[in-house]
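Data block below; observations after.
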Protein chains: 2
Amino acid sequence: MSTKRREGNNRRQELIEATLNCIENEGIQGATVRKVADYAGVTNGLIRFYFSGKDELIRAAYAALLEQIYVSARANIEDAQLPVKERLRRFIQATLSFPIVSPRTVLLWANFLPLTYIDDEMAAIRNEGYVETTNILQPLVIASLAQENRNISEEESQRFAIKLNAVIDGLWLEGSMAGYKFQNGELAEMGVETASSILAINLAN
Amino acid sequence: MSTKRREGNNRRQELIEATLNCIENEGIQGATVRKVADYAGVTNGLIRFYFSGKDELIRAAYAALLEQIYVSARANIEDAQLPVKERLRRFIQATLSFPIVSPRTVLLWANFLPLTYIDDEMAAIRNEGYVETTNILQPLVIASLAQENRNISEEESQRFAIKLNAVIDGLWLEGSMAGYKFQNGELAEMGVETASSILAINLAN
DNA sequence: CATAAATTTATACACTTGCATAATAATGAT
DNA sequence: ATCATTATTATGCAAGTGTATAAATTTATG
């Protein structure tokens, strides 16, 4: 095989992407160093040049996946100028749209999840982003209800956040695995509707 | 090793249970025929006496898991004498209680899920029970709302069922993976509350 | 209790796995 | 152009994989 050199300095990122593609198509058990190398169009030895071993590659791929999800989820809600209710609505809509809603994302998530119960370092990667995501909803809930002069306890707001989070996760699963059931934007619409019901507030625009 | 013979005719079931235990603890990649045999306290050759190969063992284990989930979910709702609202409430409560809510169940579910996208026979096993479960909620929704003289379209009832299913799935995930957050029965209570909000009906007793 | 059938173990084999190491090729500095 | 550095391939190895097969043990049957 002829030795091809990278143009930029993106081999490491390419290998991570190849890992995700391989896991998506072959499953975590099918993701061997040789198959990942195939997906990247290189030979297996190269992986050990950029990663200390397979474990580090898998961990890097998991971290990259979570990062991609977080970036998509937080799109458009950072703008502090926006009304709170609109930020809450946008968060729900973004989480219930492509690319978060897709067979690929849910498959990768499901493949990695068990590893976080076996490998402590994988658990740490998961927890890093977990708190972050959890703490998005609760402040938005508190602020949105405060706008309607509804002041709720800390405990109540936490339960609201958990309920909203559950609806979003459940619709994400259903939309990702049975996407043919939903028209464009329908899933996000149902998410906003349900969140409105739970909070007894009108989030639609 | 001394050859120990079974008392009853339950070796096959024991091997399936051992497979589930092994996958729960070691993940699907760690579930080799030798490790499964260890979990069952036999030697690896025996697996081939009861199953045509590893694939059949995995499929049997997946089918057994789904069966266990379905049995738990449908507990107490078969009784046609019960008021519909109570049957709906019981279904939600059962799905949001042990053993469906547990790290084991969600871990096994996550480990098997990717296989249903790779192996057609695994996909078939999943689909067998899928329609069955989906069709539980929608009739209960229609009947519950009809009791309040609210007649809804087929499409509307379907959307309600999808929303309820999403809440249940999402709470199931959260409760299984972060069970420490919830007191006894709290998860089921939140499920019934949320379902009540979505349907604009009082399901609590 | 002797013999056949059913169950379980033991062993071997070809193949795959992650990883190590050496050889080769491409790049950059001077 | 030369040479050191970086990147990539090629090759090999020890351990683990699923599976096949024969041997051993237990149970059932007469």
Side-chain angles (χ1 to χ4, degrees), chain A residues 1-23 25-62 111-112 114-115 118-122, chain B residues 1-23 25-62 111-112 114-115 118-122:
Chain A
M1 189 186 283
S2 68
T3 302
K4 284 180 184 163
R5 198 66 160 278
R6 62 163 197 250
E7 309 91 60
N9 193 0
N10 52 346
R11 260 285 187 272
R12 194 183 151 93
Q13 194 55 42
E14 282 174 20
L15 288 173
I16 289 174
E17 237 8 84
T19 304
L20 293 175
N21 292 336
C22 186
I23 293 176
N25 291 324
E26 325 271 353
I28 191 74
Q29 349 126 47
T32 66
V33 286
R34 283 169 178 82
K35 274 199 200 147
V36 169
D38 275 354
Y39 272 75
V42 298
T43 52
N44 59 62
L46 192 57
I47 288 177
R48 286 280 315 225
F49 185 76
Y50 290 94
F51 300 90
S52 68
K54 190 191 176 183
D55 284 3
E56 188 188 322
L57 175 66
I58 297 294
R59 289 180 193 129
Y62 184 44
N111 270 292
F112 282 117
L115 300 184
I118 296 172
D119 178 4
D120 285 344
E121 298 203 36
M122 290 291 283
Chain B
M1 191 188 283
S2 69
T3 301
K4 283 180 185 163
R5 198 66 159 281
R6 64 164 195 247
E7 309 89 60
N9 193 2
N10 53 344
R11 259 286 186 271
R12 195 184 150 94
Q13 195 54 42
E14 283 174 18
L15 288 173
I16 288 174
E17 250 349 277
T19 305
L20 293 176
N21 292 336
C22 187
I23 293 176
N25 292 323
E26 325 271 352
I28 191 75
Q29 348 125 46
T32 67
V33 286
R34 283 169 179 81
K35 275 200 200 145
V36 168
D38 275 353
Y39 272 76
V42 298
T43 52
N44 59 63
L46 191 58
I47 288 176
R48 287 277 317 222
F49 184 77
Y50 290 94
F51 300 90
S52 68
K54 190 191 176 183
D55 284 2
E56 190 188 321
L57 175 66
I58 297 294
R59 289 180 192 129
Y62 183 43
N111 270 292
F112 282 118
L115 299 184
I118 296 170
D119 179 3
D120 285 344
E121 297 202 37
M122 290 291 283

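Throughout, a chain's letter reflects where its sequence line sits, starting with A, and its residues are numbered from 1.
- At a threshold of 4.5 Å between non-hydrogen side-chain atoms, the residues A:R11 and A:F49 do not count as touching.
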Atom pairs and distances, donor-acceptor, side-chain atoms in residues 52-60 of chain B, under 3.5 Å, two or more places apart:
from	atom 1	to	atom 2	distance (Å)
B:S52	OG	B:E56	OE1	2.6
B:K54	NZ	B:A31	O	3.1
B:E56	OE1	B:S52	N	3.0
B:R59	NE	B:D119	OD2	3.1
B:R59	NH2	B:D119	OD2	3.0

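- Atoms CG (B:L46) and P (D:dA23) sit 19 Å apart, rounded to a whole Å.
- Regarding A:Y50, its OH atom lies at a distance of 12 Å from the P atom of D:dT6, rounded to whole Å.
- In this entry the distance linking CG of B:D38 with P of D:dG18 reads 12 Å, nearest Å.
- When side chains are defined from C-beta on, A:F112 counts as touching A:L115, because their heavy atoms get closer than 4.5 Å.
- Between the CG atom in B:N111 and the CD atom in B:E26 there is a gap of 11.0 Å [rounded to 0.5 Å].
- Per the geometry, CZ belonging to B:F49 stands 5 Å off P belonging to C:dT7, to the nearest Å.
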Would you tabulate the nitrogen or oxygen pairs shorter than 3.5 Å linking the protein to nucleotides 13-20 of chain C?
from	atom 1	to	atom 2	distance (Å)
C:dG18	OP1	A:K54	NZ	2.7
C:dG18	OP2	A:V33	N	2.9
C:dG18	N7	A:R34	NH1	2.8
C:dG18	O6	A:R34	NH2	2.8
C:dC19	OP2	A:K54	N	2.9
C:dA20	OP2	A:R48	NH1	2.1
C:dA20	OP2	A:R48	NH2	2.4

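- We find that CG of A:N10 is positioned 13 Å from C1' of D:dA7, with the value rounded to whole Å.
- A:L15 places its CG atom 12 Å from the C1' atom of D:dA7, with the value rounded to the nearest Å.
- Rounding to whole angstrom units, CD1 of residue A:I47 and C1' of D:dA10 are separated by 15 Å.
- A straight line from CG of B:L57 to P of D:dG18 spans 10 Å, rounded to a whole angstrom.
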Run A:L15 and A:V42 through side-chain contact (heavy atoms from CB on, under 4.5 Å) and show every step you take. CA-CA 9 Å; A:L15 288 173; A:V42 298; 4.1 Å; yes

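- To the nearest 0.5 Å, the span separating CZ on A:F51 from CD1 on A:I16 amounts to 4.5 Å.
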